[in-house]
Each structure stands twice: as C-alpha cells, then as structure tokens.
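In what follows, a structure is listed as structure tokens, so that the remarks can point back to it.
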There are 2 protein chains.
Amino acid sequence: MRQAKFEGSTQSDRLAEAIAETVLSGEFQPGLRLDEGMLAERYGVSRTPVREALRQLASTGLIDVKPRRGATVANVTSSQLEMMFGAMAEIEATCARLAAMGMTPIERRRLQGLQETMEAIVLRDDRDAYAAANINFHTQIYLGAHNEILSDFATALRRRLAPFRRAQFRTEGRSSRSHAEHAAVVKAIVACDASAAHAAMFHHMSLVEDSFGQLGAPSRATA
Amino acid sequence: MRQAKFEGSTQSDRLAEAIAETVLSGEFQPGLRLDEGMLAERYGVSRTPVREALRQLASTGLIDVKPRRGATVANVTSSQLEMMFGAMAEIEATCARLAAMGMTPIERRRLQGLQETMEAIVLRDDRDAYAAANINFHTQIYLGAHNEILSDFATALRRRLAPFRRAQFRTEGRSSRSHAEHAAVVKAIVACDASAAHAAMFHHMSLVEDSFGQLGAPSRATA
DNA sequence: GATTGCCATTATGTATGCAAAATCGTATAT
DNA sequence: ATATACGATTTTGCATACATAATGGCAATC
C-alpha cells in the first residue's frame, strides 16, 4: 500500500489533515461516529494510522474520543462556542498589547504596509482576498507578541473557529468595517500604546463574535 | 497481559501518565531518546500503546516526536521557558480580570475563605500545605473566569511549568510574600475591580517568574 | 405490553510481524 | 588523517491478527 504523497510526513499526519478537512468541510457532521474500520477503508490504509490520526485530532478538540467507545465529531455547544470566541478575543487582545510593547520598528512598518495593502483590497471589494489578508494581519500580530506559546494557542483557536466564521466576510460591508477596526489596532501598535492596542483588538474581536450571532450550524463551505 | 489497574481507561492513557511522571520526576532527562521498544519492555506492554502514549504526550509539548526519528524528552530552552512563564502570567491575569467581572457571590466568598485558610497555613509555616493550597487558589480563579478554554490552557501551562517551580516554596519567606500578593488579587476580585485584579495577578506571576531566575535545570523532585 | 437478561455481532484495544528508513560502524579512497 | 561511501543493525511506520468490552436484537418473564 505505497502512496508516497509527501515524503517526510507519516500517513498518520496526512490522515489527520484529511480527516480534519472533511470534518471542517461539513461532510462529517457533529455527532457523527468515526468508525476506525470505515475510515481505514475510505482512505485505503489500515486501522493503525487511523487510530493515531484520531488521537491527534482529539487533542485539538475537533473530535471526541472516549475509551472503548470510539470517536465522534465534536458537538460544539453554544456555550463552548461562546467560550472559544471569548478566549480568542482575550488572547488576541493580549497579543496586540504585547505587540504594541515589543514589536520591532521593522515589524511595525510591515504591519502598516499590510494595512495599506488591505485598504486597496477593501476598495476593490475583493472579499476572498480580504479574508486571506485578514488571516495574515492577525498572524503578524501574533508574531509581534514574540511569544510562541500564545501565538500557537491563538492560531489553534482561530483554526478551530474557522468553520463558524466562513460566511462572515461575505456579508455586505463587513470588510470595510473590519478594516476600520484594524486601523485602530495598527494606530495603537505603531504608537506603542499598549492599552489602546488591547482595547482596539478586543473591540474588534467582540464585534466578530457578535456578527456571528448565536451559534447555529457551522457554514458548510467546501474546504 | 492483564493488569487491571483502572477499568475505564486504556493502557495508552495510563502509560502516558506514567511516562509523564517519569519525565517530570527527572528520571528521563531532557534530550533523552525515548525508544519505543525500551518503553514497551519497561512497562510490560507492546509497542502499540507506547506509540499512542508518546503521541499524546507530544501534543502537550512534554516530548518531541519527529517522523521516522522517534521521540525525545523535550529540551526546553531558556527562551521557551521565558515564553511559557510570560504566557502564563498573561493568561492568569486575564482569568483574574474575568473572575473580577464574572464571579458569582458564592465564588467570591469561597475565594475569600480559601485565602483565610491559607493565612493559617502561612502562620504555621507549612510549606507543603501551602503549595497544595496555592494550586487550589489559582484553580479557583481559573474556574471563576467561567471560560473552560482559558482555564484548560492555564492548567496545562501550570502543569508543564511545575518541574521548574518545585523548589520555589521551599525558599524562606516565599509563602508569606506569595500570600500577601494573593491578598491583593482577592481584594480586587471581591471588589469587582477588573483592572486591579489583572494588575495584581500579573504582578504576582511576574514575581514567580523572577524568583525562578534564569533557566537552569528543572528541580529533580521525586514525583 | 413493557422490561430485563442473555447471546450474537461489532468495534475497540493490544500484540505481533514485516518492510522501509535511519543510524552506526567500518573500510576505502583522497 | 579526514572524509566519504557502503553495509549491518536498529528503529520506526504500517498491516494484520487476536482478545475483550460494548452494542443491539431477541426471547423469556412479570
């Protein structure tokens, strides 16, 4: 059963990625039982790498694995979602504050440059490009916090929440509002104003949460 | 190979716990190669549950697992340690702020009660009891934040940093200083003063970091 | 008719076997 | 003497096989 897709990673890792994609795409819906044998057959491998992939995904919270009871796609409750958005807002605000305090001049310039790039994207109303640039923007701030632990946590949370935010930038005027909020964040960071950066980012993230409204099903965007 | 220690958890889970203990105790030192076969023989099981345990531990950062290159006890650099302590201070401070904002009256009373209990422990200079109560104190604040995501993260970080803090409360006068700092946190939380709670907790955690000084090897406390 | 207990089926947890990659030692060439 | 290449050994990754716990259906009983 040789299928050398990527040399340098194992089948378990590739499987974890593939299963995660399938879950995030909505094909595997919350609550669905993830039978090891079924997955093994579906991906043409044995149960062993499937099990390792499932354990790996369980550690990210994407699926639940109970001893002797198998794995199921995690059923995210409305309260859990609230807590994830809340945690994300706190962490991002913290990163923004740290960025305001510790970013190098080069990093501040880069952030400003990115902000200007996004200005153009907003003007031509390219929502896909904005969604991509938005991730980049937030990632720059994670990195600017100069704390890999916080940055990894923020990245994991963002990835975990992605399916619940997919449709967001499709809504009319969302990009320009988001962009305006980014401006406040950038301004504070460039000015080395830690508490303003924290407040601006927290405000931004809170609005993101609000715009999602109450839970509801994750958007079924394709991959 | 039946060894029914705990019915309801798997050997993989028990193995992960056992290996973690051995690493945290210092018997498995940083950089040590964790050979699957060696571990399997040591714990009297086959390689399969050992592999699952290693993957699980890798997700906590306690060990490094590279594809095709096996697992090693994570070698924590001084900069990583700094980032972990920094992240911990930020998260704890955030939890304290959220606790100040959202704790129920009952939770505030309970925290105050715990603080009074610790007062007695400090007076009779029972350092082991203080160390235990201290974990309880911080846990109460995690819970008071009413955000399981942040709380889990804080708990994981605390556990991860435990070996680097073991000797801390053995130092003369550490308990009373810590207790005094706790008082400020409790006071702010009881007064619903969010920013004071944040500041007090951050101050407290920063001192913890300082008292550790620069890296050095983790304390080799037994279990 | 509902409930409970038993048995067949299914799925998970673990052990074992095998193939490929990595590591280490040795020998050879420069 | 150093570096490189080759081969043996070790170890990981994966597949397969087996044992045990969980699940579901059926029947017997209240």
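All figures in this text were calculated on a predicted structure; none of them were measured in a lab. Labels below follow one simple rule: chain letters A, B, ... track the order of the sequence lines, proteins then strands, and each chain is numbered from 1.
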Expressed as a whole number of angstroms, how long is the span from [X]:[atom1] to [N]:[atom2]?
{"X": "D13(A)", "N": "dC14(D)", "atom1": "CG", "atom2": "P", "value": "8 Å"}
{"X": "L15(B)", "N": "dA15(C)", "atom1": "CG", "atom2": "C1'", "value": "13 Å"}
{"X": "D35(A)", "N": "dT23(D)", "atom1": "CG", "atom2": "P", "value": "13 Å"}
{"X": "I63(A)", "N": "dT12(C)", "atom1": "CD1", "atom2": "C1'", "value": "14 Å"}
{"X": "Q11(B)", "N": "dA21(D)", "atom1": "CD", "atom2": "C1'", "value": "14 Å"}
{"X": "M38(A)", "N": "dA11(C)", "atom1": "CE", "atom2": "P", "value": "10 Å"}
{"X": "R51(A)", "N": "dT16(D)", "atom1": "CZ", "atom2": "P", "value": "16 Å"}
{"X": "R55(A)", "N": "dT12(C)", "atom1": "CZ", "atom2": "C1'", "value": "10 Å"}

Query raised in the report: Taking the side chain from T60(B) and the backbone from Q56(B), do they hold a donor-acceptor pair closer than 3.5 Å?
Result: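 No, T60(B) side chain to Q56(B) backbone: no donor-acceptor pair under 3.5 Å.
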Requested in this report: Using salt bridge (charged side-chain N to carboxylate O under 4.0 Å, His left out) as the criterion, list what pairs up with D126(B), not counting sequence neighbours.
Outcome: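 D126(B): salt bridge (charged side-chain N to carboxylate O under 4.0 Å, His left out) contacts with R124(B).
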From the set [options], return the single nucleotide nearest to any side-chain atom of [X].
{"X": "E36(B)", "options": "dT12(D), dT12(C), dT16(D)", "result": "dT12(D)"}
{"X": "P49(B)", "options": "dA15(D), dG13(C), dA15(C)", "result": "dA15(C)"}
{"X": "R68(B)", "options": "dA20(C), dA15(D), dA15(C)", "result": "dA20(C)"}

Query raised in the report: Does the base of dG13(C) carry an N or O that pairs as donor and acceptor with the side chain of R47(A) under 3.5 Å?
Result: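 Present.
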Report task. Check if the side chain of T48(A) and the base of dT16(D) share a donor-acceptor pair of N or O atoms closer than 3.5 Å. Result ->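 Yes, a donor-acceptor pair under 3.5 Å.
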Query raised in the report: Taking only residues two or more places apart in sequence, or in another chain, which ones meet T48(B) in a side-chain contact (heavy atoms from CB on, under 4.5 Å)?
Result: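 Listed in chain order: S46(B).
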Query raised in the report: Of S46(B) and P67(B), whose closest DNA chain C nucleotide lies nearer the 5' terminus?
Result: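 Taking each residue's closest nucleotide, the earlier one in sequence belongs to S46(B).
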Query raised in the report: How do R33(B) and R33(A) order along DNA chain C: which one's closest nucleotide is nearer the 5' end?
Result: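 Final value for this comparison: R33(A).
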Query raised in the report: Where do Q11(A) and R14(A) come nearest, in terms of heavy atoms and distance?
Result: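 The pair with the smallest heavy-atom distance is CG-NH2, 3.1 Å.
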Query raised in the report: Across the strands shown, which category fits R69(A) at heavy-atom distances under 4.0 angstrom: base, sugar-phosphate, nothing?
Result: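 It contacts sugar-phosphate atoms only.
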Query raised in the report: Does S12(A) put a side-chain nitrogen or oxygen below 4.0 Å from OP1 or OP2 of dG13(D)?
Result: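 No, S12(A) has no side-chain N/O under 4.0 Å of OP1/OP2 on dG13(D).
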Query raised in the report: According to the interplanar angle, ranging from 0 to 90°, do the rings of H204(B) and H182(B) count as parallel (below 30°), tilted (30 to 60°) or perpendicular (above 60°)?
Result: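 H204(B) vs H182(B) ring planes: perpendicular.
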